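A quick write-up on the structure given underneath.
It should be emphasised that the depicted structure is a prediction, and the values quoted were computed from it without experimental measurement. Numbered from 1 within each chain, the chains take letters A, B, ... in sequence-line order.
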2 protein chains.
Amino acid sequence: MISDCYDPAMSERVGGKPPSGVAFLLTQVGTHAARRFAERVAELDITPPVAGLLRSIATGPGRSQQAVADELGLLPSRLVAFVDDLERRGLVERRRNADDRRQYALWLTADGQALLGRIGRTGREHELDLTRSLDDGERAQLGALLARIAEDQGLTPHVHPGFSSLK
Amino acid sequence: MISDCYDPAMSERVGGKPPSGVAFLLTQVGTHAARRFAERVAELDITPPVAGLLRSIATGPGRSQQAVADELGLLPSRLVAFVDDLERRGLVERRRNADDRRQYALWLTADGQALLGRIGRTGREHELDLTRSLDDGERAQLGALLARIAEDQGLTPHVHPGFSSLK
DNA sequence: TATTGTTATACTCTATAACTATA
DNA sequence: TATAGTTATAGAGTATAACAATA
């Protein structure tokens, strides 16, 4: 999923009217951004979904797996595999909830927090490289326009749509 | 591939410096754009890759499957399945090349051209809806900034990175 | 021997449903 | 009975290698 390979601009050229093609540019550049970020965090032996999961746990520590899965819009069965792997690597800890022993509370270990720091630095490098052809004013302008579209289209702040499925 | 679920902005907030988050916004909005376009063309019983393939054949008719696969950066083995389906539906035609009988030349049928027209209208609707919160000047501004990034990052015009693998 | 198109296969991602243990 | 977490499984999408026909 997740690929928009058709270019409205081209067919508009055939159809008559002049092309604008902002939508296609958005999918093209957006896909490139996602791919480059994935390449960068691969050097930390994680994938983008795992990076998002670590951040989510850090932002709201001690929540149940369902609560986290719900926030990120991913299936509980997917989250299990992620947490299994992170727990094996000593980055995340599962603790039984004493009040409701069906639930596990998720916490970051010290190693997990250190990794999150490295992910943050990777994200800043990614940001700088991707927008290196813009000056500060243009970067802010682009951010403002994208934020407007994101809000208008009903996208949840800080949650990537790649997580979705929601159900 | 293709999902960038980690938000640099958030961890920067933890790390210290103020967040900008243009890179994350790009993947978020770009993924949304690709998904919405996929939903739209699904009503024409095609997927975005197939829409891109139809456009490619229309732009350069009579080329071999390898030439088309090469342009779009997709594997020959993937293209076979797409062309099989499109030929069954009477949208594309395979013709043996008389000079080199190993090759098939790809052509759009009249039905295929009609479908391409409907795809073009769908693309224009998509473009308008996605950028409905911007005025004409802002839309042009956004397009210019995205085009600058696309060129700087070495993206091929009119070819979606989702096709890639290149090899 | 090399190339075009094709088939077979495998590996990942994603989605659904069934199972367990607790409530 | 309902819920949290887990397991098993099936379907896309994607990549690799082997094959037949032709050069």
Side-chain angles (χ1 to χ4, degrees), chain A residues 1-5 31 34-35 38 42 46-53 57 62-88 92-106 160-167, chain B residues 1-5 31 34-35 38-39 42 45-53 57 62-88 92-106 160-167:
Chain A
M1 159 356 313
I2 310 195
S3 56
D4 176 350
C5 317
T31 301
R35 183 168 303 179
I46 57 170
T47 60
V50 169
L53 175 56
I57 296 174
R63 287 177 301 165
S64 71
Q65 294 189 186
Q66 294 248 349
V68 172
D70 214 60
E71 186 210 9
L72 299 176
L74 58 78
L75 296 167
S77 55
R78 273 195 80 197
L79 192 121
V80 170
F82 287 140
V83 175
D84 281 351
D85 177 56
L86 291 173
E87 201 176 31
R88 253 191 309 268
V92 161
E93 203 183 336
R94 268 191 258 240
R95 299 190 201 151
R96 276 285 184 203
N97 183 335
D99 296 343
D100 185 341
R101 294 181 43 75
R102 289 173 303 183
Q103 292 181 22
Y104 280 116
L106 297 178
H160 191 277
F163 267 148
S164 293
S165 82
L166 276 173
K167 185 84 190 0
Chain B
M1 101 183 124
I2 309 202
S3 56
D4 176 351
C5 315
T31 301
R35 184 168 301 179
E39 289 171 4
D45 283 312
I46 56 171
T47 60
V50 168
L53 175 55
I57 296 173
R63 286 177 302 164
S64 71
Q65 294 188 188
Q66 293 247 351
V68 173
D70 214 62
E71 186 210 9
L72 299 177
L74 58 78
L75 295 168
S77 54
R78 274 195 79 198
L79 192 124
V80 169
F82 286 140
V83 175
D84 281 352
D85 178 55
L86 291 173
E87 201 176 31
R88 254 191 308 269
V92 161
E93 202 183 336
R94 270 192 256 239
R95 300 190 199 153
R96 277 285 182 204
N97 183 334
D99 294 343
D100 184 342
R101 294 182 46 74
R102 289 173 304 183
Q103 292 181 22
Y104 280 116
L106 297 178
H160 190 280
F163 267 148
S164 293
S165 84
L166 280 169
K167 195 54 196 4

*Go through the steps to decide whether A:Q103 and A:Q66 satisfy the test side-chain contact (heavy atoms from CB on, under 4.5 Å), and finish with yes or no.*
CA-CA 9 Å; A:Q103 292 181 22; A:Q66 294 248 349; over 6 Å; no

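- The side-chain heavy atoms of B:L106 and B:E87, taken from C-beta on, include no pair separated by under 4.5 Å.
- Listed candidates were C:dG5, C:dA23, C:dT14. Nearest to the side chain of A:D100 is C:dA23.
- Nearest nucleotide to the side chain of A:R102, out of D:dA2, D:dG5, C:dG5: D:dA2.
- For the pair A:Q65 CD and C:dA21 P, the computed distance is 16 Å after rounding to whole Å.
- Note: CZ (B:R101) to C1' (D:dA20) measures 14 Å, nearest angstrom.
- Between D:dT6, C:dT14, C:dG5, one nucleotide has an atom nearer to the side chain of B:Q66 than all others, and that is C:dG5.
- Residue A:Q103 places none of its side-chain N or O atoms closer than 4.0 Å to OP1 or OP2 of C:dA21.
- For D:dT14, the base has no donor-acceptor partner in the side chain of B:S77 [N/O atoms by modelled type, under 3.5 angstrom].
- Heavy-atom contacts from other residues, nucleotides or ligands closer than 6.0 Å to CZ of B:R101 number 12 or fewer.
- What separates CZ of B:R78 from C1' of D:dT16 is a distance of 14 Å, to the nearest Å.
- If you take OH of A:Y104 and P of C:dA23, they are 12 Å apart, rounded to a whole angstrom.
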*asked:* Before you tell me yes or no, could you show the steps for B:L86 and B:R94 under side-chain contact (heavy atoms from CB on, under 4.5 Å), namely the whole-Å CA-CA distance, both residues' side-chain angles and the distance that decides it to 0.1 Å?
replied: CA-CA 10 Å; B:L86 291 173; B:R94 270 192 256 239; over 6 Å; no

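- What separates CZ of A:R96 from P of D:dG5 is a distance of 9 Å, to the nearest Å.
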*side-chain hydrogen bond (donor to acceptor under 3.5 Å, both in side chains) evaluation trace for A:Y104 with A:R96*: CA-CA 5 Å; A:Y104 280 116; A:R96 276 285 184 203; 3.3 Å; yes

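- For B:L74 and C:dT6, the CG to P distance is 14 Å, given to the nearest whole Å.
- The distance from atom CZ of B:R35 to atom P of C:dT14 is 10 Å, rounded to the nearest whole Å.
- Of the residues near DNA chain D, A:A105 and B:A98, the one whose nearest nucleotide (by heavy atom distance) lies more toward the 5' end is A:A105.
- In the set C:dG5, C:dT7, C:dT16, C:dT16 carries the atom at the smallest distance from any side-chain atom of A:L75.
- The distance between atom CZ of A:R95 and atom C1' of D:dA4, rounded to the nearest whole Å, is 19 Å.
- Distance from the side chain of A:R94 is smallest for D:dT6 among the nucleotides C:dT16, D:dT14, D:dT6.
- Residue B:S64 is in sugar-phosphate contact alone, with no base atom involved, counting any heavy-atom pair closer than 4.0 Å across all strands shown.
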